[in-house]
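In what follows, every chain begins at residue 1, and chains take the letters A, B, ... in the order their sequences are listed. Remember, predicted model here, so these are calculated numbers, not experimental data.
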Protein chains: 2
Amino acid sequence: MDTEYPKNPRRSSGRVTLADVATLAGVSPITVSRALKRPDMVTDKLRQKIDKAVKTLGYIPNQAARSLVSSETKIISVLFPSLSNSVFSSLLDGIYNTLTPAGYKMLLTNTHYSSVQEEELIETMLEQNPDGMILTGIDQSDSARQRLMNIGIPVVQVMELGDNPIDINVGISQFDAGYAMTEHLIQKGHRHIGFIGARMDNRTQRRLQGYRQALIDHSLPSEDYISTSFAHTSFQAGAELMVKLVSEHNQIDALFCSNDDLAAGAIFECQRRGIKVPQQLAIAGFNDLEIASAISPRLTSVAIPRFEMGQKAAQCLLDRLQDKPCPTHIDVGFKIVPRESS
Amino acid sequence: MDTEYPKNPRRSSGRVTLADVATLAGVSPITVSRALKRPDMVTDKLRQKIDKAVKTLGYIPNQAARSLVSSETKIISVLFPSLSNSVFSSLLDGIYNTLTPAGYKMLLTNTHYSSVQEEELIETMLEQNPDGMILTGIDQSDSARQRLMNIGIPVVQVMELGDNPIDINVGISQFDAGYAMTEHLIQKGHRHIGFIGARMDNRTQRRLQGYRQALIDHSLPSEDYISTSFAHTSFQAGAELMVKLVSEHNQIDALFCSNDDLAAGAIFECQRRGIKVPQQLAIAGFNDLEIASAISPRLTSVAIPRFEMGQKAAQCLLDRLQDKPCPTHIDVGFKIVPRESS
DNA sequence: CTGTTAGCGCATTCAG
DNA sequence: CTGAATGCGCTAACAG
């Protein structure tokens with residue numbers, strides 16, 4: 001009785017395969033494949049037998065094998081600088097809700113605002129053979145840009161518009177938005193307008209540049225009232241930066257905060273210190289998060305259609321994947337929302 | 001001149017493969033494979049040639065092919081009920097930051113608080129052959145539970161502890177936490193304690209049950225001062241529910257909100273209406289988000305180690321994948337954080 | 001409508 | 001230390 005049956009030549013994963021289903025249903029594997037993918041290509045009778053076999057065995061298709069054949073993965077990889085910033089939550093929601101009905105899955109990664117980490121993550125992601133990629137901002141490293149352009153999958157850069165997109169670009173001009181909010185404060189009659197910012201990533205920097213330019217264009221002092229920190233954004237940071245700036249320059253009558261968290265933190269601190277907003281100090285934020293319309297006093301902010309931006313980014317990717325026409329440059333716009341705080 | 005060379009028999013993806021690298025480097029594919037995975041198994045000289053060829057060609061390993069062979073994907077799928085709720089952002093951060101250094105990627109999905117959607121998503125995710133799975137809460141459908149137990153991959157249920165876990169369970173008792181906060185308010189001398197809740201998902205329901213039980217145990221009215229809504233949680237909802245409840249029962253002297261967003265919304269509205277917190281109305285939240293310690297007055301809340309919970313969930317998964325010992329039941333605990341609002 | 005053949009890209013045998 | 005053969009699970013192409 002020699003071992004004619006191989007010892008264990010099969011490195012099988014132990015999972016139920018198409019072949020197992022085929023055996024049980026008494027058909028060939030390809031028929032099972034067809035019954036699952038294009039049911040109308042198979043007789044009712046066979047299809048029922050197959051469906052039954054699938055259920056009995058608890059068969060689950062193996063996407064890796066499919067991808068290997070089709071070189072399609074139905075995976076989109078999404079690279080965000082932070083997973084806990086609510087600005088990105090809405091974006092993510094828009095992306096997810098668009099991708100999922102189309103049968104795509106989302107591989108999400110966190111670059112921690114580092115273009116070095118981003119570059120590494122792009123490499124790792126490419127090993128997954130994603131059908132497309134969504135990146136945040138326009139400041140990827142040169143080699144990452146190059147890499148992506150060579151690969152040939154659709155890529156969306158989202159949040160901010162630039163002159164030299166990798167492929168598709170969906171966002172707004174952060175500079176213009178910073179400029180517009182500053183002008184709003186000027187029009188409200190303020191002449192000593194401060195700026196506080198945390199994290200100071202590239203987008204925040206460009207908001208700051210917009211602020212500076214607006215002040216210059218209106219012949220107002222543009223460098224005196226700026227207080228920034230590389231610490232991460234928080235209510236706490238908003239409170240601290242506000243206190244610092246106002247105590248150093250008590251003539252400041254308005255404060256442009258680089259986002260709503262800082263602004264809300266500043267307002268909370270003003271309440272504690274009895275500083276009247278906006279009578280003694282006008283305060284404006286950025287992003288128009290839900291808190292802006294809820295806080296008391298309600299916060300003037302820059303509204304950006306974050307959810308829609310996510311949807312559009314994802315939709316462009318999908319269009320491109322189906323060879324549908326799709327613009328490569330979408331300005332989703334922003335809006336100054338004046339409220340009680342300014 | 002007959003077409004001896006096949007028309008296009010090769011369905012190649014066009015991507016650079018291991019074989020291409022091998023040809024250029026003048027070695028066999030397996031040597032390239034080894035040079036990449038276990039560099040020490042290959043001569044320096046060959047390795048250098050190979051590395052060079054990899055760079056020249058821009059070779060990217062194909063994870064689908066690897067997975068097919070190894071039946072390992074290095075993918076963990078994570079199912080959350082919401083992507084925009086900041087409670088889950090911290091969880092996600094903890095999970096991501098633990099998985100990534102270990103070489104795992106994260107496939108993230110949104111169940112929208114629906115166990116039907118969750119069940120479908122679990123099926124879809126299983127097609128990806130994830131090495132492990134992280135689910136939110138303990139209320140999966142029976143068939144989903146069954147499915148997961150049969151598959152045999154490690155599964156973590158996170159956020160809340162239950163009696164009958166699928167596999168690993170990391171969280172707290174929502175009931176106990178609701179009970180504890182209610183007792184805190186009682187100890188502060190309040191006798192007419194209201195409860196407002198939105199979304200009313202299972203975890204919120206169990207907090208409410210804790211609230212009820214605490215009132216019963218202290219012989220206080222437990223059904224009169226409850227106002228809930230199935231709308232999603234928001235500052236706005238907090239304001240509305242508070243107004244409704246207080247106007248219907250003006251004897252209410254304390255309000256337990258099912259989360260911090262509702263509580264903050266209630267506080268903002270109190271500020272608008274000149275209701276003094278906590279003198280006229282004490283307010284407590286749940287989750288201890290950053291806003292709790294920032295808002296004025298600072299908000300009493302229930303602190304849960306969300307980030308650590310994510311880390312632990314992910315770590316258990318990793319341990320299990322490496323056959324390391326790992327507890328299957330981890331109570332991460334909660335803490336009442338008394339602040340100015342109560 | 002169904003089956004046969006072959007190959008996607010890689011890594012695990014087992015030899016040399 | 002390196003290579004040849006083989007198969008992971010599935011589906012496109014081409015019969016029948």
Undergrad: Indicate, with a heavy-atom threshold strictly under 4.0 Å, whether B:Leu18 touches base, sugar-phosphate, or nothing.
TA: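 Sugar-phosphate contact only - B:Leu18 comes under 4.0 Å of backbone atoms but never of a base.
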Undergrad: Using a strict 4.0 Å threshold on nitrogen-to-oxygen distance, state whether B:Glu119 and B:Arg147 make a salt bridge.
TA: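 So B:Glu119 does not pair with B:Arg147 through a salt bridge.
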Undergrad: Could you check how far CG of B:Asn62 sits from P of C:dG9, rounded to whole Å?
TA: 7 Å
Undergrad: For DNA chain D, what residues of residues 123-133 of chain B have any heavy atom nearer than 4.0 Å?
TA: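 Of all residues in residues 123-133 of chain B, none places a heavy atom under 4.0 Å from DNA chain D.
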Undergrad: With respect to the side chain of B:Ile30, which nucleotide from D:dT11, C:dT12, D:dC8 is positioned closest?
TA: C:dT12
Undergrad: Where the side chain of B:Leu68 is defined as all heavy atoms beyond and including C-beta, which of D:dG3, C:dC10, D:dG9 is the nearest nucleotide?
TA: D:dG9
Undergrad: Taking OP1 and OP2 of C:dG9, is either one under 4.0 Å from a side-chain nitrogen or oxygen of B:Thr17?
TA: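 False: B:Thr17 side-chain N/O out of range (4.0 Å or more) of C:dG9 OP1/OP2.
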Undergrad: Which listed nucleotide (C:dA11, C:dG3, D:dG3) is nearest to the side chain of B:Ser28?
TA: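 Of C:dA11, C:dG3, D:dG3, D:dG3 is nearest to the side chain of B:Ser28.
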Undergrad: Below 4.0 angstrom, which residues in residues 32-56 of chain B have at least one non-hydrogen atom near DNA chain C?
TA: B:Ser33, B:Lys37
Undergrad: Within the 4.0 Å heavy-atom criterion, would you say B:Pro61 contacts the bases, only the backbone, or no part of the nucleic acid?
TA: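 Here B:Pro61 touches the backbone only, sparing every base.
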Undergrad: Need the bend value for the helix from C:dC1-D:dG16 to C:dG16-D:dC1: angle between end axes, 5 pairs each end, nearest 10°.
TA: 30°
Undergrad: For C:dG9, take OP1 and OP2 only and decide whether either is under 4.0 Å from a side-chain N or O of B:Arg15.
TA: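 False: B:Arg15 side-chain N/O out of range (4.0 Å or more) of C:dG9 OP1/OP2.
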